[in-house]
Amino acid sequence: MKIKNKIAATALAAVMAMSVTACGNAGSASSAAAENSAAGGKTITVGVAQLVTHPSLDASLKGFQQALTDAGYVEGQNVIYDVQNAQGEQANCVTIANTLANKKPDLILAIGTPAAQAVAKVITDTPILITAITDPADAKLVASNEKPGGNVSGTSDKTPVKEQLEMLKTLVPELETVGFLYSSSETNSKLQIEWAKAACDELGLKYKDFTASNSNEVQQVTQSMVGKVQGVYIPTDNLMASNTKNVTSVTSANKLPVVPGAIGMVTDGGTCTVGLNYEKLGYQTGQMAIKVLKGEAKVGDMPIEYQDQLDVYYNSEAAAKMGMVLPDSITKNGQDALASAASSQK
């Protein structure tokens, strides 16, 4: 990965990228009109299967739609989005997949691993673009990330796990044991935890696993970490992302810093992270979709794409609640997640 700015803390061996430019309006109104004409007057339908509502996945959809808008596919004029949200339920993912199979949209966007797996299992004759998935090949969605084959391709949200753990070590110089908090049923989370354990071995850190299978267990499992670890690491886990506020209500009260895999989880109370901008990732996925819709590329021939820039985000309010002063190496090279979220909502 190409990374722009260095975090100058000695505990951080890797560089971390900064990018404050929001995924935005890449095309002018005139160019959009030209592309609109190029669409041939046909109204296309994009079916969307989203696993759950939380900031990262919502941002992915927003970025995807913005990419299509910038290319002349304007909602209500020549594109219709049929958005289906599984609300975190695996059974709902299957129902959504079958519904989309019957509706036969022109293209499908699947956001989150379980949603993508459900859609790919039953739909083989419609182009499917996926996003917010750690390793599509490991999830059995494509033959390989380099040569997907079939009707599925898209973007990966593979996170810089080692750099995130180095950041946690910078926050807590006395760090000895890291608590891994994740869902016991998400394959993408289990894969990231394997990477995290290997990184801890390299960094000389101990670790303990803490897992939950549903939302009702999250707060209790988080409470069970208290007194056993000095810091918490959460991968890009959909269950934990949708319950981040429940997690951080416990960790904040017990002065346990949290470094999550996703920036959106910092907004919801995580301490800080270095990670992907999901709106940019969605935009990148949308650019792939445009090529497919225009007949410029076949999904199976398009390699899985990755982000080449990383962002540093911190939550000054969360740090203050724990009486923690964030290192200059983070605040000078990063953005305050709360300020950034407020700005994007204006």
Side-chain angles (χ1 to χ4, degrees), residues 1-3 16-17 19 22-23 48-67 86 88 109-117 119-120 128-142 145-146 148 152-165 167 182-183 186-196 199 233-242 244 259-268 270 273-289 302-313 337:
M1 289 186 176
K2 300 175 184 177
I3 303 177
M16 301 177 181
S19 177
C23 183
V48 179
Q50 181 171 328
L51 174 61
V52 69
T53 298
H54 69 66
S56 297
L57 301 193
D58 295 347
S60 295
L61 176 57
K62 181 181 178 181
F64 179 90
Q65 292 174 319
Q66 186 63 57
L109 171 67
I111 310 175
T113 302
Q117 289 172 325
V119 170
I128 299 172
L129 273 298
I130 59 177
T131 192
I133 292 165
T134 302
D135 189 329
D138 183 77
K140 311 300 181 186
L141 290 165
V142 296
N145 292 328
E146 295 75 23
V152 179
S153 188
T155 56
S156 164
D157 64 349
K158 184 177 181 180
T159 55
V161 173
K162 184 177 179 181
E163 287 87 341
Q164 290 167 345
L165 286 164
M167 178 177 272
Y182 61 102
S183 167
E186 293 189 31
T187 56
N188 60 306
S189 299
K190 293 176 182 177
L191 179 61
Q192 291 175 77
I193 291 301
E194 289 180 13
W195 298 338
Y233 176 73
I234 307 175
T236 53
D237 182 287
N238 293 295
L239 175 64
M240 295 304 164
S242 59
T244 303
V259 173
I263 290 169
M265 297 163 79
V266 176
T267 303
D268 283 343
T273 196
V274 51
L276 309 182
N277 183 308
Y278 277 82
E279 190 170 337
K280 292 178 184 177
L281 191 69
Y283 195 96
Q284 190 173 344
T285 315
Q287 291 177 316
M288 297 177 72
M302 305 173 79
I304 297 297
E305 294 187 9
Y306 303 83
Q307 268 195 14
D308 62 358
Q309 294 181 358
L310 301 174
D311 292 337
V312 177
Y313 278 81

Of all heavy-atom pairs between Ala116 and Ile130, which one has the smallest distance, and what is that distance?
-> CB-CG2, 3.8 Å

Looking at OG1 of Thr244 and CE of Met265, how far apart are the two atoms once the value is rounded to the nearest 0.5 Å?
-> 4.0 Å

Give the minimum heavy-atom separation between Thr113 and Ala139, together with the two atoms involved.
-> CG2-CB, 3.9 Å

Answer yes if the side chains of Ser189 and Ser183 hold a donor-acceptor pair under 3.5 Å, and no otherwise.
-> no

If you measure from CG on Leu129 to CD1 on Ile111, what distance do you get to the nearest 0.5 Å?
-> 11.0 Å

Point-to-point distance, once rounded to the nearest 0.5 Å, from CG of Leu51 to CG of Leu57 = 6.5 Å

Indicate yes or no: at least one non-hydrogen side-chain atom of Asp58 is less than 4.5 angstrom from one of Gln50.
-> yes

Mind checking whether Tyr313 and Thr267 have side chains closer than 4.5 Å, heavy atoms only?
-> no

Report the residues that fulfil side-chain hydrogen bond (donor to acceptor under 3.5 Å, both in side chains) with Asn238, sequence neighbours left out, ordered by chain and then residue number.
-> His54, Glu186

Within a strict 4.5 Å, meaning less than it, do heavy atoms of the Thr187 and Lys140 side chains meet?
-> no

Measure the shortest side-chain to side-chain distance between Val266 and Pro260 over non-hydrogen atoms and say whether it is less than 4.5 angstrom.
-> yes

Closest non-hydrogen contact found for Met288 with Thr155 is SD-CG2, 4.0 Å

Here the gap from Gln65 atom CD to Glu279 atom CD, rounded to the nearest 0.5 Å, amounts to 10.5 Å

Looking only at heavy atoms, the pair that brings Val52 and Ser242 closest together is CG2-CB, 4.1 Å

Measure from the side-chain N and O atoms of Gln164 to the backbone N and O of Val259, and report whether any donor-acceptor pair falls under 3.5 Å.
-> no

Where do Leu191 and Glu194 land on the side chain to side chain contact (heavy atoms under 4.5 Å, CB included) test, with the steps shown first?
-> CA-CA 5 Å; Leu191 179 61; Glu194 289 180 13; 4.1 Å; yes

Considering residues at least two apart in sequence or located in another chain, which fulfil the side-chain hydrogen bond (donor to acceptor under 3.5 Å, both in side chains) criterion with Ser153?
-> none

Of Leu239, Ile234, Ile193, the one forming a side-chain contact (heavy atoms from CB on, under 4.5 Å) with Tyr182 is Ile193

Any side-chain heavy atom of Asn188 within less than 4.5 Å of one from Gln192?
-> yes

State, yes or no, whether a side-chain contact exists between Lys280 and Gln309 at a heavy-atom distance under 4.5 Å.
-> yes

For Ala67 and Gln287, work out which heavy atoms get closest and say how close.
-> CB-N, 4.0 Å

Any side-chain heavy-atom pair from Thr134 and Asp157 closer than 4.5 angstrom?
-> yes

Gap between atom CD1 of Ile304 and atom CG of Asp135 - 0.5 Å precision | 9.0 Å

Listed partners of Ser60 passing side-chain hydrogen bond (donor to acceptor under 3.5 Å, both in side chains), at least two apart = none

Which atoms form the tightest heavy-atom contact between Asn145 and Tyr306, and what is the distance?
-> ND2-OH, 3.5 Å

Between the main-chain N or O of Gly275 and the side-chain N or O of Thr273, is there a donor-acceptor pair closer than 3.5 Å?
-> no

When rounded to the nearest 0.5 angstrom, what distance separates OH in Tyr283 from OG1 in Thr131?
-> 14.5 Å

